[in-house]
Amino acid sequence: MEVHLDRWLAEFGAPPEARLSARDLTELLGTLETRYPRLQGKMRDDAGAIRRFVRVFVNGEPVDGLDPRVTLGPDDRVDILHSIAGG
Amino acid sequence: MARPERVVLMVGTRKGGYLLRSDAARRRWKVGPVIADGSDVYHLTADPRHPGEFYALANNDFWGPMVYRSTDGGTRWREAPTPRLPRRSQRTPGMGPPDASAPARSVRNLWHLTPGPADQPETLLLGADPHLLFRSDDHGRSWTEVRGLTEHPTRDRWNPGAGGPCVHTVLLDPAHPGRLYVGISAAGTFRSDDLGESFRPVNRGVRADFQPDRYPEVGQCVHKIALDPKNPQTIYRQDHCGMYVSRDGMDDGWTDVGRGLPSRFGFGVATAEALPGRAFFLPLDPQSRTTLGDGLQIYQYTDRDRRWRPLIRGNPFPGRHAVHREGLAADRLDPAGLYAGTTTGRVVWSANGGRDWAMLPYQFPAIHSIEAFVDGPNR
């Protein structure tokens, strides 16, 4: 699948776009963290939960956390972005 | 000829960290580029065992906590391994939460980094939220949770303070190898005599006005403690419920010394090597948590006669200010440099032990912490 990372996340050593394969979002994030170790701890916390201001979209639709019911296939597109927040 | 810039003031703010440099006269400061821009930098410190090594603890709203390290005196910074808790599935049986249904934990904020003893140059200690202490014995490449503290039998009586459930103070006693003090909000102070293998609470005599039992074993809201540099058995404490002194490594309990001050509430306390037997506090209004009256005032406490003295003459810094728990510091030069970093983003300092004061003409973001590092000998 096609994975697009926010430019801030890409600063942690990952390319802004990558082609990866994974069955679900947990596996995808694990693959990203293994391949780009500086991403560890950035997208999800130590308990494995998606960080509060990180947003995941599958084919343009927002996903609530790491919903295990969301399965991924080779034609999917995943966007991992930071949300509008802060001040 | 100008004296070399060897005093480094390390300022952690709501939006990044800064290094300010001066020579030993400390009249003018050069403000360096921002470190970890956009992140809350709770603490910056130098590791005097490794010349040129600095650490910054950054807590980013988006990407979580991160340790940064510089090995070239603060010019270049790189992300270093950050202490993390293992995921529950990776925890060793019996070593994680006893109940598998217990809420999963994650490191939320990094609060304070303390270099280990001189004879253990690879050891670092790091206090974090929620109620965590980590130790590294490989120069920060990996971190281990200090379970002697984090699984302390009193832990179910610890509560969060307004800043979260944080281990915010980690102090080594230079006169007693292995002795370590930690300050936890709101659990109180704990002492270890085996560099963190085991801890015992040391809060006797400290009030907890917010609890039914006013003098509990644990649960006090310690804001900051500072060791007397010449006699580290004497320790000064700014607590939510007053200013205290202990004179026997906390074994003798704590004596309330806040009488006579306009307020016993405050966050910071600092001690200076050139001014033994004294401590510096910045009392705040307990309701608004801002300075009392119409300006910034720092008080010197002298332990010999238990006297308090306001140090800032007149009212050169009018308005309402506040400092966080790490917002007061001193350097180790003689005469002593004293520093306050305010939540309104200003640095106020004295280069002569508190006789004269000035405000740095630079607007920082809200300041969380300030620490002074002096490279080289004392004079």
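Below, chains carry the letters A, B, ... as their sequence lines are ordered, and counting in each starts from 1.
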(Q) Over 60° means perpendicular and under 30° means parallel, so tell me whether A:W8 and A:H82 are parallel, tilted or perpendicular. (A) parallel
**Q.** Check: B:T290 and B:T343 side chains under 4.5 Å, non-hydrogen atoms
**A.** no
Q) B:H324 vs B:H368 aromatic rings, parallel, tilted or perpendicular, using cut-offs 30° and 60°? A) parallel
Q) Does the gap between the ring centers of A:Y36 and A:F12 come in under 6.0 Å? A) no
(Q) Pairing donors with acceptors under 3.5 angstrom, does anything connect the side chains of B:R141 and B:S136? (A) no
Q. Looking only at heavy atoms, which of residues 32-47 of chain B get nearer than 4.5 Å to chain A?
A. none
**Q.** Atom group of A:R51 that falls short of 4.5 Å from chain B, counting heavy atoms
**A.** side chain
Q.
Do the side chains of B:R135 and B:E197 get close enough for a salt bridge, i.e. N-O under 4.0 angstrom?
A. no
Q | Side chain / backbone / both / neither for B:R14 at chain A, heavy atoms under 4.5 Å | A | side chain
Q | Heavy-atom side-chain proximity of A:D24 to A:V70 below 4.5 angstrom | A | no
Q. Under a 4.5 Å heavy-atom cut-off, does chain B meet the side chain of A:L39, its backbone, both or neither?
A. neither
